[in-house]
Amino acid sequence: EANPPSNIKMSAVPWPPDSTKLLGCMAAVEMLSEPSDEAQQGDPKARIDAYTAHKRAYRLACLRWHPDKFASKFGALLASDKDQVMERVQHISQALNESWEKIQGQAH
């Protein structure tokens, strides 16, 4: 098992290429993934709808990109550019929240 790095620099973080499209891309993956229930695998009717896919994607993205969660997981490992990293994480989190608000508005 590899040892984790002692310091994480800004360039080492796997940043999403476009934070404004992150939620939509993650939702697409959710929609294309097979159901976890073996009885429904291969059944096209078992696929989830777009709203549910976006909701799942939002929850997963928040677990990764919410500033408090990110700082809790990686804060002690961040190098001298910690402020820059956390600023970028904040930007991604805000973009996710804005995307989710738009989706919620379209659903109602």
Side-chain angles (χ1 to χ4, degrees):
E1 194 172 315
N3 292 331
S6 58
N7 284 317
I8 299 173
K9 295 184 180 188
M10 179 106 170
S11 60
V13 178
W15 301 108
D18 184 350
S19 57
T20 61
K21 296 180 181 177
L22 178 61
L23 189 57
C25 292
M26 289 180 70
V29 170
E30 285 290 323
M31 289 180 73
L32 294 174
S33 64
E34 287 288 326
S36 58
D37 183 4
E38 287 184 30
Q40 294 181 338
Q41 287 183 354
D43 180 4
K45 293 178 185 174
R47 302 248 188 241
I48 61 174
D49 62 89
Y51 181 81
T52 302
H54 279 86
K55 186 175 181 177
R56 287 183 186 177
Y58 178 71
R59 288 181 50 115
L60 289 171
C62 285
L63 288 174
R64 181 174 209 171
W65 296 111
H66 188 280
D68 292 338
K69 300 261 187 224
F70 193 90
S72 174
K73 289 180 186 176
F74 305 111
L77 299 175
L78 294 177
S80 59
D81 49 3
K82 179 179 182 175
D83 291 339
Q84 289 176 312
V85 169
M86 293 309 297
E87 185 177 317
R88 181 91 184 261
V89 168
Q90 179 70 31
H91 172 75
I92 293 168
S93 179
Q94 288 173 343
L96 287 167
N97 288 334
E98 289 170 10
S99 295
W100 179 237
E101 287 174 10
K102 286 179 188 176
I103 291 164
Q104 284 184 308
Q106 292 171 359
H108 299 329

Between [atom1] of [X] and [atom2] of [Y], what distance do you get to the nearest 0.5 Å?
| X | Y | atom1 | atom2 | result |
| --- | --- | --- | --- | --- |
| I92 | T20 | CD1 | OG1 | 11.0 Å |
| K73 | L78 | NZ | CG | 13.0 Å |
| R56 | M31 | CZ | CE | 11.0 Å |
| F74 | I8 | CZ | CD1 | 6.0 Å |
| N97 | Q104 | CG | CD | 9.5 Å |

| Is the centre of the Y51 ring less than 6.0 Å from the centre of the W100 ring? | yes
| Shared hydrophobic cluster for V13 and V89 (ILVMFWY, side-chain gaps under 4.5 Å) | yes
| query | Are L63 and W65 joined in one hydrophobic group, where the rule is that I, L, V, M, F, W and Y side chains link up if heavy atoms are under 4.5 Å apart? | reply | no
Shortest non-hydrogen separation from [X] to [Y] and the atoms involved:
| X | Y | result |
| --- | --- | --- |
| L60 | E30 | CD1-OE2, 3.4 Å |
| K82 | G75 | NZ-O, 4.1 Å |
| A57 | A27 | CB-N, 3.5 Å |

| said: Would the distance check show the side chain of H54 and the main-chain N or O of A50 forming a donor-acceptor pair, the cut-off being under 3.5 Å? | reply: yes
| query | Donor-acceptor pair, S99 side chain versus A95 backbone, under 3.5 Å? | reply | yes
| said: side chain to side chain contact (heavy atoms under 4.5 Å, CB included) for W15 and V85? Distances and angles first, verdict last. | reply: CA-CA 10 Å; W15 301 108; V85 169; 3.9 Å; yes
| request: Among K9, M86, R88, E87, find the one that has a side chain to side chain contact (heavy atoms under 4.5 Å, CB included) with D81. | output: K9
| query | Does the side chain to side chain contact (heavy atoms under 4.5 Å, CB included) test come out yes or no for N7 and L77, once each step is laid out? | reply | CA-CA 5 Å; N7 284 317; L77 299 175; 5.8 Å; no
| Heavy-atom distance under 4.5 Å between the side chains of S19 and H91, does that happen here? | yes
